[in-house]
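Numbers here simply count residues along the sequence, with the first being 1. Below, all heavy atoms of this structure are taken into account, side chains as well, without hydrogens, waters or symmetry copies.
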Amino acid sequence: METRRLYVSHLVEPLCLWSSVVFVTLITLVLALEGQHQQIAPFRYFLKAGYAVIFLHRTGTCQPYCRSLPDDPLLECLRVHNTDIEVTETYAEIVKEAVGNHRAVVSEGRLLKISFTTIFEYLQILNMIALSLRPLGRHAMFYLAAAVSDFYVPWESMVEHKIQSGSGPLDMRLAQVPKMLPVLRSEWSPLAFCISFKLETDSKILLDKAVMALNKYKVHAVVANELLSRKEEVIVVQPTGNVTVRRSKDEGDADVENPLIKLLVDAHNHYIKA
């Protein structure tokens, strides 16, 4: 545990040389109980705004600059020509832009990607990075968009061997995932600008739940998004009031994250100067 903490701290340290650092948690996952899924990609807008980005992700999550690539880019974008491997003409410009942009921010030391698999790893790494960013004070931002499940199977309850189907129906008892926002705000990185997300499938309860989260966890903003309309608009709930953010319909490839990140970056800058 201590070795891993020192390793994560070593990875994060170079990014702390930048004026502002944002820690992005993001998971693209299927919510098996609700039969829904979500995916957003804010990285390029934070990078464009001059932030260094720490990206904590699970395997399968949309990667920076890969949003325009097909689901299986290795097999769909490349082809074998004689003994060489080359990019197909269809994806040549997209791949060139993605690779160029990615290498540029990595060479500048402004992008760090860390992957995880289990909820146990996620919570441990969240703790380690929050402590590493604590010296930055108000210049650190937490953009906690990961749709972490509310329930999990405790480590001590996991079986050692394969579950046998012959045993009949599976009776499983799930525990609630510990809420880390209170300790993040009070102990790990108390001065950081913190943004959480509230996703609901029922629009009737969305704003009430977002306001409850804002007051309970003392975050600086809650991005409230309803699953079916989240690509078109979200509502940013702040202590000073609510702001509806909509995707620009004048641009065909526009997304709601662009105006959302601009709003949050402005709010963060005001917070730094306060």
Side-chain angles (χ1 to χ4, degrees), residues 1-27 42 46 51-58 112-156 174-199 209-224 236-240 261 264-265 267-274:
M1 181 71 173
E2 180 63 17
T3 301
R4 187 168 191 174
R5 185 189 67 79
L6 292 174
Y7 176 66
V8 170
S9 178
H10 173 72
L11 292 177
V12 172
E13 186 176 0
L15 281 82
C16 293
L17 297 177
W18 292 87
S19 58
S20 294
V21 179
V22 60
F23 174 50
V24 177
T25 65
L26 181 62
I27 308 174
F46 279 121
Y51 282 74
V53 176
I54 302 170
F55 175 37
L56 179 61
H57 66 93
R58 189 174 181 178
L112 171 64
K113 298 188 293 185
I114 302 176
S115 63
F116 72 96
T117 302
T118 67
I119 183 65
F120 309 106
E121 291 177 320
Y122 172 82
L123 295 177
Q124 287 178 0
I125 297 173
L126 175 61
N127 166 245
M128 294 171 185
I129 292 179
L131 292 176
S132 297
L133 294 181
R134 183 172 182 171
L136 291 179
R138 290 173 176 254
H139 289 267
M141 179 196 292
F142 286 81
Y143 185 92
L144 306 175
V148 180
S149 175
D150 292 325
F151 300 94
Y152 77 115
V153 179
W155 189 265
E156 61 273 12
L174 302 177
Q176 282 192 304
V177 173
K179 299 296 184 183
M180 293 293 102
L181 267 178
V183 69
L184 169 65
R185 292 287 298 121
S186 63
E187 298 179 24
W188 295 349
S189 204
L191 293 180
F193 190 76
C194 192
I195 302 144
S196 68
F197 279 65
K198 177 59 65 175
L199 172 72
K209 297 290 286 290
V211 171
M212 287 174 59
L214 183 78
N215 295 329
K216 182 176 181 180
Y217 301 121
K218 307 301 180 184
V219 294
H220 298 90
V222 177
V223 179
V236 180
V237 179
Q238 299 172 282
T240 55
I261 300 307
L264 295 176
V265 167
H268 187 206
N269 287 332
H270 287 327
Y271 175 68
I272 291 173
K273 296 174 183 177

State the [atom1]-[atom2] distance between [X] and [Y], to the nearest 0.5 angstrom.
X	Y	atom1	atom2	value
Asn269	His139	CG	NE2	9.5 Å
Thr25	Ile125	OG1	CD1	11.5 Å
Ser20	Leu136	OG	CG	8.5 Å
Trp188	Asn127	CH2	CG	4.5 Å
Ile54	Leu15	CD1	CG	5.5 Å

Contact check, side chains of [X] and [Y], non-hydrogen atoms, under 4.5 Å:
X	Y	value
Val219	Leu144	no
Ile129	Ile114	yes
Val22	Phe193	no
Leu184	Tyr217	no
Tyr143	Val223	no

Point to revise | Test salt bridge (charged side-chain N to carboxylate O under 4.0 Å, His left out) applied to Lys216 - qualifying residues, sequence neighbours left out | key: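 If we apply the salt bridge (charged side-chain N to carboxylate O under 4.0 Å, His left out) test to Lys216, skipping adjacent residues, there are no hits.
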
Point to revise | Verdict with supporting geometry, Ile272 and Ser19, side-chain contact (heavy atoms from CB on, under 4.5 Å) | key: CA-CA 11 Å; Ile272 291 173; Ser19 58; over 6 Å; no

Review point. Judged by atom type as modelled, is there a donor-acceptor pair below 3.5 Å linking the side chain of His220 to the main-chain atoms of Cys194?
Key: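 Yes, because the side chain of His220 sits within donor-acceptor range (under 3.5 Å) of the backbone of Cys194.
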
Exercise for review: Keeping the roles fixed (side chain from Arg185, backbone from Pro190), state whether a donor-acceptor pair exists under 3.5 Å.
Suggested key: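 Checking the backbone N and O of Pro190 against the side chain of Arg185, a donor-acceptor pair under 3.5 Å is found.
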
Closest contact, heavy atoms only, [X] versus [Y]:
X	Y	result
Cys16	Val21	CA-CG2, 4.2 Å
Tyr271	Arg138	O-NH1, 2.7 Å
Ala224	Val237	CB-CG2, 4.5 Å
Pro42	Val24	CG-CG1, 4.1 Å
Ser189	Arg134	OG-CA, 3.7 Å

Review point. When Glu121 is tested against each of Thr118, Ile119, Leu123 for side chain to side chain contact (heavy atoms under 4.5 Å, CB included), which residue passes?
Key: Thr118

Review point. Between His268 and Tyr51, does the ring centre distance come in under 6.0 Å?
Key: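 Between His268 and Tyr51, the centre distance is under 6.0 Å.
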
Practice item. With sequence neighbours left out, write down each residue that passes ring pair (Phe, Tyr, Trp, His ring centres under 6.0 Å) with Phe23, or none if nothing qualifies. Key: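 Expected list: Phe142.
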
